[in-house]
Amino acid sequence: QVRLVESGGGLVQTGGSLRLSCAASGRTFGSATMAWFRQAPGKEREFVATIRRSGGSTYYSDSVKGRFTISRDNAKNTVYLQMNSLKPEDTAIYYCAAACLGGNYDYTGCYSYWGQGTQVTVSS
């Protein structure tokens with residue numbers, strides 16, 4: 001059974017930092033595209049960042065570019081999201097996604113596996 005488990009969320013002040021982790025089990029994802037999405041209350045789930053297989057190319061949404069960094073440790077089957085200079089509008093539940101089949105890496109429907117999410121709250 002494949003599982004993705006996110007951790008590292010919490011409450012932080014504006015300008016602060018958090019590091020999210022997504023640990024995968026049940027299969028290895030070293031050759032899979034991994035991503036982070038987020039969903040704020042009353043809004044649709046939106047793309048945040050992706051890292052292509054084997055630590056390749058990374059892509060970010062315009063809203064987080066320059067502040068967030070996605071990385072992966074294939075030996076640990078884990079993907080990370082380092083979030084700096086956090087803003088109140090970054091408040092959301094953050095979801096890890098794995099195994100995008102195709103090139104639409106910013107589309108939720110591309111991913112086969114999802115975690116349960118971790119809450120990030122940025123206070124002003």
Task: For A35 against I70, the heavy-atom pair lying closest together - done: CA-CD1, 4.3 Å
- [ ] Report the residues that fulfil side-chain hydrogen bond (donor to acceptor under 3.5 Å, both in side chains) with N84, sequence neighbours left out, ordered by chain and then residue number.
- [x] S17, Q82
- [ ] Of all the heavy-atom pairs spanning R72 and M34, show the shortest one and how long it is.
- [x] NH2-CG, 3.5 Å
Open item on the list: So, using side-chain contact (heavy atoms from CB on, under 4.5 Å) as the criterion, who are the partners of Q116 when residues are at least two apart?
Closed with: V5, E6
- [ ] If you link ILVMFWY side chains whenever their heavy atoms are less than 4.5 Å apart, which other residues fall into the same cluster as L11? By chain and number, please.
- [x] none
TODO: Sort and list the pairs that fulfil salt bridge (Lys or Arg N to Asp or Glu O under 4.0 Å) and have at least one residue in residues 103-112, not counting sequence neighbours.
DONE: none
TODO: Nearest 0.5 Å please: distance from the OG1 atom of T69 over to the CG atom of L81.
DONE: 8.0 Å
- [ ] Scan residues 19-42 for pairs that pass salt bridge (Lys or Arg N to Asp or Glu O under 4.0 Å), counting only residues two or more places apart or in two chains.
- [x] R38-E46, R38-D90
Task: salt bridge (Lys or Arg N to Asp or Glu O under 4.0 Å) against K43, all qualifying residues, sequence neighbours excluded - done: none
Open item on the list: Run the side-chain contact (heavy atoms from CB on, under 4.5 Å) test on Y113 and F29 for me, step by step, so that the C-alpha distance in whole Å, both residues' side-chain angles and the decisive distance to 0.1 Å come before the verdict.
Closed with: CA-CA 11 Å; Y113 305 102; F29 287 99; 3.7 Å; yes
Task: Any pair counted as disulfide (SG to SG under 2.5 Å), so long as it reaches residues 3-41, sequence neighbours left out - done: C22-C96
Open item on the list: Going by side-chain contact (heavy atoms from CB on, under 4.5 Å), name the residues that satisfy it together with S25, two or more places apart in sequence or in a different chain.
Closed with: R3
Open item on the list: Please find the pair of heavy atoms, one from N77 and one from G30, that lie closest to each other, and give the distance.
Closed with: OD1-N, 4.3 Å
TODO: Could you grab the distance from atom CH2 of W36 to atom CG of L20, nearest 0.5 Å is fine?
DONE: 4.5 Å
Open item on the list: So, using side-chain contact (heavy atoms from CB on, under 4.5 Å) as the criterion, who are the partners of S7 when residues are at least two apart?
Closed with: S21
Open item on the list: Using every non-hydrogen atom in the two residues, find where L18 and G8 come nearest and quote the distance to one decimal.
Closed with: CD2-O, 3.8 Å
Task: Hydrophobic cluster of I93, others only, ordered by chain and residue number, side-chain cut-off 4.5 Å - done: F37, F47, Y59, Y95, Y105, Y111, W114
Task: Closest contact, heavy atoms only, V64 versus V48 - done: CG2-O, 3.5 Å
- [ ] Any chance you could measure N104, atom CG, to T50, atom OG1, to the nearest 0.5 Å?
- [x] 11.5 Å
Task: Which atom of K65 lies closest to which atom of Y60, heavy atoms considered - done: CE-O, 3.7 Å
What donor-acceptor contacts under 3.5 angstrom involve side-chain atoms of residues 117-124, with partners at least two apart or in another chain?
residue : atom : partner : partner atom : Å
T118    : OG1  : G9      : N            : 3.3
Q119    : NE2  : A92     : O            : 3.4
Q119    : NE2  : T121    : OG1          : 3.3

